[in-house]
Each structure stands twice: as C-alpha cells, then as structure tokens.
Amino acid sequence: MRKLLVILAALALCLPLALAEDKTVTTFDFESGVPGQFIQSGSAKPTVSTDVAHSGASSLHVTGRSGNNWDAVDLNAAAMGIKTGVPAKITAWVYVDSDEAGTFVIAKSDGDYATLGSVSCPGRTWTQLTADFDLNQPVNLRFQNSYDSTGWNNAEYYLDDVVVEVGQAEESTEPPIDYKSDFSAGTDGWYARSGGGAALSVTGDGALLITGRTATWNSPGRDFALVTGKPYKISVWVKQDQLKDPILMVSIAHTRDGSESYENLGTVVAKQGEWCLIECSYVAGRYDKNVLYVEGAGAETDFMIKDFTIAEDIKTYGKEGLPSLKEVYADKFDFGTAVIPMELLDEERMAFYKTQFAIFTPGNEMKPDYLLNPSQSKIAIKKTGDQTSVKVSFDTCIPLLTWARDNGVKVHGHTLVWHSQTPEEFFHEDYSVNKPLVSREVMLARMESYIQQVLEWTEEHFPGVIVSWDVVNEAAADSGRKLRDSLWTQVVGDDFINRAFEYARKYAAPGTLLFYNDYNSEIPLKALVTRDIMDSLLADGTVDGFGFQSHYTVGSTNLFQVKVALKEMAKRTRQDGSPLLLRVSELDVGIAANDEANWKKQADFYRELFELYEQYVGQLIAVHTWGTVDDLSWRADKFPLLFDADVQPKPAFYALVE
Ligand code: XIL
C-alpha cells in the first residue's frame, strides 16, 4: 500500500518514479477499491472482493460475463504510460472460478487483438501470468480467457497483485516529418506497388497517375521514416474517372522482423471525375519499415493522387495568447473545473488547465465509493466487534491533492454524504449486504466517523488545500415536496442532512466553507425542496452556501426558472447576518450535435448565464464547469463544455472571455 501511495504521488507530479533502470513500477493490490486505470469491457463488472485473494484481504473480481471472452477488465494503457514503442512488463495473479482448466491471457483490447502473454492453468488456482512487450498500436490491454478456452467464457475470475513496469521509449534521432508531395520534377520517391505491370507517370497538372493495375492493392506508395509512438496527420487528393462511386483509401504497409502487415487509415467515396480529399491520422508503431500508399477502387481502375501531406501531429493545448477564464473573472468569482485521473497524468494538459482555472474538483475520487473501504471496515468489525468501525483510504485523491498543493491551486471537496456512488455495505451490519440494515445510532456513528476521518486526514496531509466541501449532495426528491427516498432516509431519517452538516462543522478546519449541492434546483417544486433544506440548515447555523449543479441543455433548460431559483436562494442569510453563499458547482450545457449552428446556440446560452451570474458578484463565490474538454465529459455525447476534444476553445469559451 505504501508503495502504491508513493507511486500515485509520483504519477500525480508526473515525474515517473525513476528507478535505477528508469522504470516506473506500479503495484495494484486491490485492497481499497477498483483503481481508475481498470475499465470494464463488455458486460463484465470489475469490483473488489474478499472472496479470495492472492495476498492481503481483497482482489479484483470480474463478474457479469455473458459468454464472450471479451467480457473482461481492461487496463487503460495510456494512463499507465504504456504508449506505442514503450517497453512494458505486466505480471498478475489470476484465479478463474471454474471446474475446467484453460488459458488466460493479456491481450490487446483493440487493433489486431494480439496476445501479449498467456498462461495455462487449472480452475480455482492462483496462477502467475506475465506479458513482456512493447505495443505497436495505441490500444488498451485486456485480461481475459483465450479465444479457444470457451469453457471459461462465462466464468468469473479474480486478479490480484498486478505489477506494471513501464520503461522509457527510445529517443529518436530522426528529424520530424513535414512532407508535401511535389511531382514537378518526377515521381518524388513514389513507386508503383504491384507484382509487375502497374506504372506511375506524372500528369500535366502536377498529379501522379497509376495505370496498368491488376489488383486493388496495386498502388502508388512511398517509404517514410516514421518515429515509433509519434502521431501523424495525413492527407491526399484522389481522382478517378472510370467507376461511379468506388472507395479509395490511404493504407500503410509496415514491416517488423521481416514480416509485412497492413492497416487502412482513411477512405473516401471517389466520385467519378472529381478530386476528393482523404484525411486521416496514424500513430506510428514499432516497425522497421513503413510504406504509405493509396489503394482501392476496381482492380484495374486508373487513378491520380496529388498534394499528399504527412506531418507530425503536434499536440498544443489552447492557443498562444488565449485569454484566461480565471483571470477574466478574477475580481468576480473563482472559475473552476472538475478533473479526472487521466487528465492528471498529462503534465502539459494540467499546466494549461492551471492557466485557465483557479479551483479544481475531483470528478469522482473523493466520493464515498472511492474513500470508504468496505472490505477493511468489515475486517475491523470482525476483530473488534464494533459495528461503528469505518475504514477509509485516500489513494484515489492523492494525485489531485498533491498536484493542487504543488501548484498552489484550491480544491473544492466533493462529496461527503450522497445516496449515489456510496457502497451499499456502509448501511448494513458487518458491512455485509445480506445482513440487516444497521440502527440509526450505528449509522450516525459511522457517518460521523467517516466525515471526521476524511476532513481530518485531508487537512493534516494537505493543509489549506481544500477550501470548501459539498457536505450533502442531491437529497431533494425529483418530484414532490420531500426528500429523495434513500438508504440515508431509511436508516437515519430526514435529519441525516442536518447531522452531516453538524459533524462536518465539528471537524472541518476553521474557515472551510460547507455547501449543500443539488441538480434541477430551478424546476419549481424541486426549488422549494432545496429551499426547505437550506432553511433548516440555516436555522442550525451549520451551512455556508448552496451549490447549483447546473447540468443544462440548450432547448430544454428554462433560463427564466434558473433566474428565479438564483434570486430566491440569494435572499437567504446565514446566522451571522451575512448572505448565504452561492456556487455554480457542475456547469455543463448540452447541445444536439457537434456543429457550428449548435456551438453558436451553446455560446449564447453560456453568455446569458454569465450575465445572470454577474448580478450576484460577491455572493456567488465560484463557477465550476463539470470538466474542461467535451470528450472527457460525463455527457460527452452532448458536447457540453468550453473546450473540444483537442483542448481547443469553442465559441462558448470566447462568449465568456469577450
Ligand atoms: C459524475 C461523474 O462525472 C461521472 O464520471 C460518474 O460516472 C458519475 O458521476 N452530479 C454530481 C456529480 O454531483 O458527482 C456527478 O459526477 C454528476 C452529477
């Protein structure tokens, strides 16, 4: 566990833990939840279990498989630094819950799905599996039974003590490629790929023509010294006159240890008699030779290519001279965002985020599902007989807290008490879902202990970093003037909210701001419930503010209702006479499609919202978007954020900084 902490901390700093051999070694012992790097594949569900373990008390349990060997668990390779061309070694212990013997493998989860390591073993026996490899494709890794061990396709399995060693990629001495074809003085290094017969010639208008083809792979091709692991952008114009709507494509033939293999990179419907553009991208694998070529159409179709380009796809975050959200709003409120572990692993990305945002929230990593450790709590009860035992572990939030501390930025904690993303075991005797729910007294003691440990540990290890907390999240019902029915209301009663704030106030460092946070709080009836909750907490004197989650959608969110909700909430005062604080805690604005017309509507919506927010300067202390880039949003299909998948500002960004 210590080791894991050190490594997580090192990852958070984005300094690979430089061992003697320049390797980063990460051990997963699954003692405290499913690490974010492990992702579900197919119908499988990875959870942590104490049924069997290779060491310690728990292991990673893969259940819910539905008859496919790819119902499995994947390792996010990029998040571990296992990129194309980087040497890596994985050792893992596997236990397959089956009467049969079979073969268990570590394989690529995409691309050519190649097996990287395998082991044959009997059922119900811990067996060690090793894969020593470097990837030639940018893919994740999958732990699964082999294709031919079909008897295991429904079997649950366990993994434990997974050790991932990641080495360093070889530095390339090749100059970066930035090539554009020029056929003015000949074929420019292009040659005809065919068994004989096909030939290239330069046409009058600067294009390259291929004739004499007898197979669809007969093509104009050219060798390129691609650098392993580097991303490239490729484009080419193509034209054919003979067929109606054939497909032409850019492909690559790569050779490794003498054997050639192929990938199709991009296609176009080559309309008869028209120049058509093919654009595609490719991350270079580790190969000795790479040939890019254009193929397809009919076996005998003549076609032309021109303006073939290939250049390194250099990632830039934001743009030079981009205005900064946090600076534009500095004298009004803190501009914040939520981050996920994958983003934290990307040093340059985080450096850019730091220029834009003043406060950060963990997207998931401080929720009870991540901090509460049911298996350790269960063990503690077994030892002491004390049902109020609560064990917590902080592995998941250390990367963000470390980064925030080292970069001098603030963190908003999210969230102490919630009906969702909270282990169900928390509410049961012996932390066992088959046993009855605990009494109100035991549950309150567990809640107090949890809140105390989380607030005290974070303050002790990262003093001053967390400036505010969502103490209770989403307690209002979606319909009816009442609280949501949940295990909290069932076991404790409606005052669970008041008790949570009482404990949070008791253990929070002085000056830490405590918020109640909810969604749809502009919908009239729900608005009433959130005000009822706030009034009760204000009477107790335990709350500082209200958080409007603000997950909106262009076309369905009613901005007038948002205005009313803000106005009504803003009327409230705290016991000392100061106004109730407000925060927009999880703003995102969904749109129907990722196109210019919708970006404009989204920009208008964001602009109107911020005009409203500006009326509450002084009382509204922070506005956080729920994430930064569309592709990593929890509503990625709605493109709701200020930056696109390439970390480039969208019209909505400009609407807020202009
Ligand atoms: C979301 C996260 O963004 C997702 O990654 C996760 O799968 C589910 O939770 N209201 C909240 C947030 O308070 O915690 C939720 O975050 C979004 C809705």
Side-chain angles (χ1 to χ4, degrees), residues 33-41 45-47 73-74 76 79 336-345 353 357 359-372 396-397 399-400 411-424 454 466 468-478 483-484 486 488 497 500 504 513-523 526 529-530 533 545-553 556-557 562 565 582-590 622-643 645:
V34 180
Q37 294 91 337
F38 287 82
I39 331 165
Q40 141 173 18
S41 163
K45 278 193 188 42
T47 54
V73 65
D74 286 359
N76 183 333
T337 193
V339 282
I340 59 172
M342 211 196 284
E343 296 176 292
L344 278 159
L345 289 166
Y353 287 5
F357 304 104
I359 184 163
F360 290 78
T361 315
N364 285 301
E365 293 63 36
M366 300 193 91
K367 292 172 179 173
D369 252 354
Y370 292 76
L371 303 190
L372 184 75
T396 55
C397 67
L400 172 61
V411 169
H412 174 73
H414 173 81
T415 172
L416 292 171
V417 172
W418 193 15
H419 67 280
S420 175
Q421 289 187 273
T422 300
E424 202 190 326
V454 172
I466 303 181
S468 49
W469 271 98
D470 291 329
V471 177
V472 177
N473 197 29
E474 302 182 352
D478 285 321
L483 296 189
R484 168 195 306 281
S486 72
W488 282 114
I497 309 174
L513 298 173
L514 303 182
F515 283 79
Y516 171 75
N517 194 51
D518 216 328
Y519 68 94
N520 282 2
S521 55
E522 74 282 3
I523 307 285
K526 196 159 178 186
V529 191
T530 56
I533 292 171
F546 180 80
F548 295 88
Q549 286 191 8
S550 314
H551 297 294
Y552 298 143
T553 304
S556 57
T557 300
V562 174
L582 306 175
R583 95 186 293 120
V584 171
S585 52
E586 306 181 10
L587 177 61
D588 50 21
V589 179
V623 177
H624 299 239
T625 48
W626 197 244
T628 306
V629 291
D630 282 342
D631 60 321
L632 301 180
S633 161
W634 75 308
R635 300 171 74 201
D637 57 334
K638 299 250 158 9
F639 315 98
L641 294 169
L642 301 179
F643 293 86

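The analysis underlying the following values was restricted to heavy atoms, covering all of them including side chains, and did not include hydrogens, waters or symmetry mates. Read the numbers this way: they start at 1 and go in the same order the structure lists the ligands and their atoms.
Under the 30°/60° scheme for interplanar angles, the aromatic rings of Trp626 and His414 are found to stand perpendicular. Aromatic ring pairs are classed by plane angle as parallel below 30°, tilted from 30° to 60° and perpendicular above 60°; the pair Phe643 and Phe357 is perpendicular.
Ligand-side atoms of ligand 1 in range of Lys367: 1 (C), 2 (C), 9 (O), 12 (C), 14 (O), 15 (C), 16 (O), range being under 4.0 angstrom from any heavy atom. Numbered from 1 in the order shown, with element, the atoms of ligand 1 that lie under 4.0 Å from a heavy atom of Glu586 read 10 (N), 11 (C), 12 (C), 13 (O), 17 (C), 18 (C). Taking every non-hydrogen atom of Gln549 and a distance limit under 4.0 Å, the qualifying atoms of ligand 1 come out as 10 (N), 11 (C), 13 (O), 18 (C). Close contacts of ligand 1 with Glu474, meaning ligand atoms under 4.0 Å from a residue heavy atom, involve 10 (N), 11 (C), 13 (O), 18 (C).
Shortest contact from atom 3 (O) of ligand 1 to any protein heavy atom: Trp626 NE1, 2.9 Å. Atom 8 (C) of ligand 1 has its closest protein heavy atom at Gln421 OE1, 3.4 Å.
Judged by distance alone, the side chains of Thr530 and Asp518 never bring a donor and an acceptor atom under 3.5 Å apart.
The option from Thr415, Asn364, Asn473, Thr361 that lies nearest to atom 2 (C) of ligand 1, judged by heavy atoms, is Asn364.
Residues Thr415 and Phe515 form no side-chain contact, since every pair of their non-hydrogen atoms from C-beta on lies 4.5 Å or further apart. Contact check for Thr557 versus Glu522: side-chain heavy atoms found under the 4.5 Å cut-off.
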Go through it in stages, so that I can follow the logic: the residues are His412 and Ser468, the test is side-chain hydrogen bond (donor to acceptor under 3.5 Å, both in side chains), and I'd like the CA-CA distance, side-chain angles, deciding distance and then a yes or no.
CA-CA 5 Å; His412 174 73; Ser468 49; 2.7 Å; yes
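Within the 4.0 Å heavy-atom criterion, the part of Trp418 lying near ligand 1 is the side chain and not the backbone.
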